[in-house]
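Everything on this sheet refers to the single structure shown next.
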Amino acid sequence: MTHEELKTKVEELEVLIKSGKDYAQAETQAQELLVDDTIANESELHCRILLALSQSLWQRGLAKDALPYAEQALTITEQIESKELQAQALGNIGNVYRLLSDYAKALECYNQALRCYEELGNKQSAAGVLSNIGIVYDYISDYPKALEYYTQALKINEETGNKSWQAINHSNIGILYGVISDLPKALQCFTCAQALYEELGNKKGMAEVNGNIGNVYFFLSDYTKALEYYAKSLMLMEELGNKRGVETCAGNLGMVYNKLSDYPKALEFYTKALVLCESLDNKSGIARHTGNIGLIYQNLFDYSKALEYYTKALEFDKELGNKKGIAIDLANIGLIYQNLLDYSKALEYYIKALVLNEELGTRGGVAKNIGDIGTVYYCLSDYPKALEYYKRALAIEEELGVKISIAINTGNIGLVYANEKYESYDAEKATEYLLQAISMLEEIGAKKEEYEFLKSLAELYEKQERWKDFAVHYKRYHELEKEVQSEESKKQAERLDYERKTAEREKRIAVERAESQARIEEQEKLLHNVLPPTIAERLLKKETFIADSYPSVSVLFMDLVGFTRIASIVPPKHLIYLLNSIFSAADNIMEQYGLEKIKTIGDAYMAVAGAPESQEDHAIRAASASIALLDRMNTLHINIPSELGDISWIESIGEIGVRIGIHSGEAIGGVIGDKKFSFDLWGDAVNTASRMESHGEAGKIHISEEFKHAVETVHAPSLRFIPRGDMEIKGKGMMKTYFLEKVSEP
């Protein structure tokens, strides 16, 4: 492969990976390029292939597989002293370590990449690295740091006028505000991102932002709005044919239906997402949705099934080295044992998850695990321990600023103080904590959690015989409970309406797809009718340039004798019917002996044995076909339909004779045309076979000496060769040729 050819291939590979359409194909192409002989002398292109391959692998969750390629690319960049490629390699390695939950190494690589880009003055790429650093801080729950880096990236992108990256930065900042429960700011950021994507006409970005807005409404428990935005996102992703996006949308819809307690529907969407991940070979997605299915079975109180799925998810995450995922799986398994009242097992798994989150520095995960451990101790009536863990969880959540978690831990502390079995029972403290929790939950709109704590507070007032306070809070509890239940009923009705609309949309899409599939099938059928099957399949697989060499084939030509005279006598409709009958008979014989019809040119017919499918016995196939063809032409009787008109011309044309010529040799074949395809052959074998036919005689099969030798390699006692002697062949000079005949039976 020349330098330019290799460069073109690498550029095509990079475009394919950027599109995200087919990672498996990209990885196959990359591996093929890596074993090309010319790669050893093309260090820069070698490096770019390695970077592309590692990027494809980590994007579908195969971080362990991606790491060696990224590190090899980095070594090459140090040898060729390319800062730009070095920065790309460091960024790739950072992405791999981020996926492997090794956040310290990820930050180290990102910071090195950032320094390279700053030295190069490449502000745009530097902004991309700043965003990735922000993501790492987001993962480890250092939200102020994450916000700082996201904001730096946004500032650079605003300076450079890169609206696409501005939209990404606004989305990242919006997600961050969503995590810390500042939902108005989150919506504000997503609205900015949406406006930018609409201005750019970026449908993929619009789809992702709709999904993010859906997440906000999900956190607000406005499931109708969440479904609306998730549906918009899904429609755009399906329109784009973006399987990864469809998978995300399916997962989000599963999440909503889970909250609506429509577990069959939730299971349907989670399963759809899982199947898509399997088709994309997205291992991290497979692990995530396996865990989601476990959650459904947990909500259905089928704890054995839930445990089965959580354990599978844990195995997947361990295989991937995804420590963050492992920590989530361990906590989920702990919750199952808690529900089964096996508190020692629950503690075991919660502690394992806690140790892992502490190792990773994911403080949000640490806070959740500590809170879960507090709940186990509460169930075990170890109230001092429960209080200790709830307070530890609260301290971390207050540092992180996650409002709903702060409220829940505050309320849990209130529940401990409100329990008369606790030796340090303190109604005053219990009231203080419960009121704080209720106030925060009211502020963020978490009504279900709010009414649960209102009930506990009302019960506390009842024990104290504080009847006025009891009445106020008990009434508020009932009002809120009724409101939540009413909202649930409303949401259920709206969900049914949404399903009806979705079913109508899916029906419409199904009809359109069926019509489209019918057109595609018709096109494929047509393609198979006009091209050899293997060539048609290659075109359908998007092979854009087909050119092959065939070292040994046998080419057959047949021509009608005196056709010019016949054409001048026979009316057009009758002539076409005549030719169609003759060539259809020839087609049947070619199919019988395994030859491929290439084309007809006027009254000439061309076929080949040994291409495009290789055939070692191509010569004997061509010989047998030519004998059968001559016999058929000699006995062919054509009945012209009376509806075509007067056939009195038949008497004047006499017998229709044919000449056949065959030659064996090399040829090249390929597809020409970009709209109307045709498979054709070229080369000396074709030209010589044509000369054999034109220099032949009516009712005979004229062959070359090369074809005779090819036939003689196979024992064919039913054939004989009649020497014609040396003769001048136009364009070839003197050639020894023969007539091929069938040996008469005794």
Side-chain angles (χ1 to χ4, degrees), residues 127 130-159 162-200 202 205-230 232-233 248 252 255-256 259 362-364 367-368 394 396-410 436-450:
L130 287 166
S131 288
N132 284 336
I133 294 173
I135 290 170
V136 173
Y137 282 117
D138 191 345
Y139 280 6
I140 61 175
S141 314
D142 191 338
Y143 303 126
K145 274 280 190 186
L147 188 58
E148 176 191 333
Y149 279 94
Y150 286 153
T151 306
Q152 283 183 46
L154 177 59
K155 186 178 178 183
I156 292 172
N157 286 314
E158 286 175 338
E159 287 172 6
N162 190 320
K163 292 184 178 180
S164 181
W165 269 99
Q166 287 176 45
I168 292 169
N169 299 144
H170 280 300
S171 288
N172 284 339
I173 294 169
I175 292 167
L176 181 59
Y177 280 126
V179 170
I180 62 175
S181 309
D182 194 339
L183 301 179
K185 278 191 178 178
L187 274 176
Q188 183 183 340
C189 291
F190 292 142
T191 304
C192 288
Q194 192 174 44
L196 285 163
Y197 282 131
E198 285 175 355
E199 183 184 340
L200 294 165
N202 184 335
M206 288 159 63
E208 288 171 350
V209 170
N210 276 317
N212 286 332
I213 294 172
N215 290 339
V216 172
Y217 286 114
F218 176 82
F219 293 137
L220 287 168
S221 302
D222 189 340
Y223 301 127
T224 304
K225 277 281 190 184
L227 283 172
E228 177 189 332
Y229 279 93
Y230 288 152
K232 286 180 183 177
S233 180
T248 301
N252 286 338
M255 189 169 66
V256 176
K259 281 291 184 181
T362 49
R363 297 169 73 219
K368 184 181 183 306
L394 176 61
I396 297 170
E397 297 291 9
E398 284 177 334
E399 286 179 22
L400 299 176
V402 182
K403 292 179 183 178
I404 190 164
S405 299
I406 294 169
I408 289 170
N409 279 294
T410 300
Q436 282 181 34
I438 290 164
S439 175
M440 285 185 280
L441 291 166
E442 184 178 7
E443 181 189 339
I444 61 177
K447 294 177 183 177
K448 187 173 185 294
E449 290 80 1
E450 183 187 349

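Treat the numbers as computed from the prediction; the structure is a model and nothing was measured. The basis for the numbers below is simple: all heavy atoms, side chains too, and nothing from hydrogens, waters or symmetry mates.
- Using a distance-only test at 3.5 Å, with no hydrogens or angles considered, no donor-acceptor pair links the side chain of Asp138 to the main chain of Gly134.
- For the pair Val136 and Tyr139, the minimum side-chain heavy-atom distance is 4.5 Å or more.
- Rounding to the nearest 0.5 angstrom, the gap separating the CD atom in Glu208 from the CD1 atom in Ile168 is 8.0 Å.
- Annotation: the span from Ile173 atom CD1 to Ser131 atom OG amounts to 8.5 Å, rounded to 0.5 Å.
- At least one side-chain heavy atom of Gln194 sits under 4.5 Å from a side-chain heavy atom of Asn210.
- Phe218 has its side chain within reach of Tyr223: a pair of non-hydrogen atoms, C-beta onward, lies under 4.5 Å apart.
- Between Tyr149 and Leu130, some side-chain heavy-atom pair lies under the 4.5 Å cut-off.
- The aromatic rings of Tyr229 and Tyr217 sit parallel, their planes meeting at an angle under 30°, below the 60° perpendicular limit.
- The two atoms that bring Ile406 and Met440 nearest to each other are CG2-SD, 3.7 Å, heavy atoms only.
- A heavy-atom distance below 4.5 Å is not found between the side chains of Glu397 and Ile408.
- Closest approach of Ala193 to Val209, counting heavy atoms only: CB-CG2, 3.8 Å.
- Of the inter-residue distances, the one linking Asn212 atom CG with Thr191 atom OG1 reads 11.0 Å to the nearest 0.5 angstrom.
- Considering all non-hydrogen atoms of both residues, Leu196 and His170 come closest at CD1-CD2, 3.8 Å.
- Met255 places a side-chain heavy atom less than 4.5 Å from the side chain of Asn252.
- Nearest heavy atoms, Val216 versus Ala186: CG2-CB, 4.1 Å.
- Distance check, rounded to the nearest 0.5 Å: NZ of Lys368 to OG1 of Thr362 gives 12.0 Å.
- For NZ of Lys163, the number of neighbouring non-hydrogen atoms (other residues, nucleotides, ligands) closer than 6.0 Å is 12 at most.
- Between the CG atom of Leu154 and the CD atom of Glu159 there is a distance of 10.0 Å, given to the nearest 0.5 Å.
- Of the inter-residue distances, the one linking Gln152 atom CD with Leu147 atom CG reads 10.5 Å to the nearest 0.5 angstrom.
- The two atoms that bring Gly364 and Ser141 nearest to each other are N-OG, 2.5 Å, heavy atoms only.
- The shortest heavy-atom contact between Ser233 and Ala207 is OG-O, 2.7 Å.
- The closest side-chain heavy-atom distance from Glu198 to Met206 is below 4.5 Å.
- Side-chain atoms of Ile175 and Phe190, non-hydrogen and from C-beta on, do get closer than 4.5 Å to each other.
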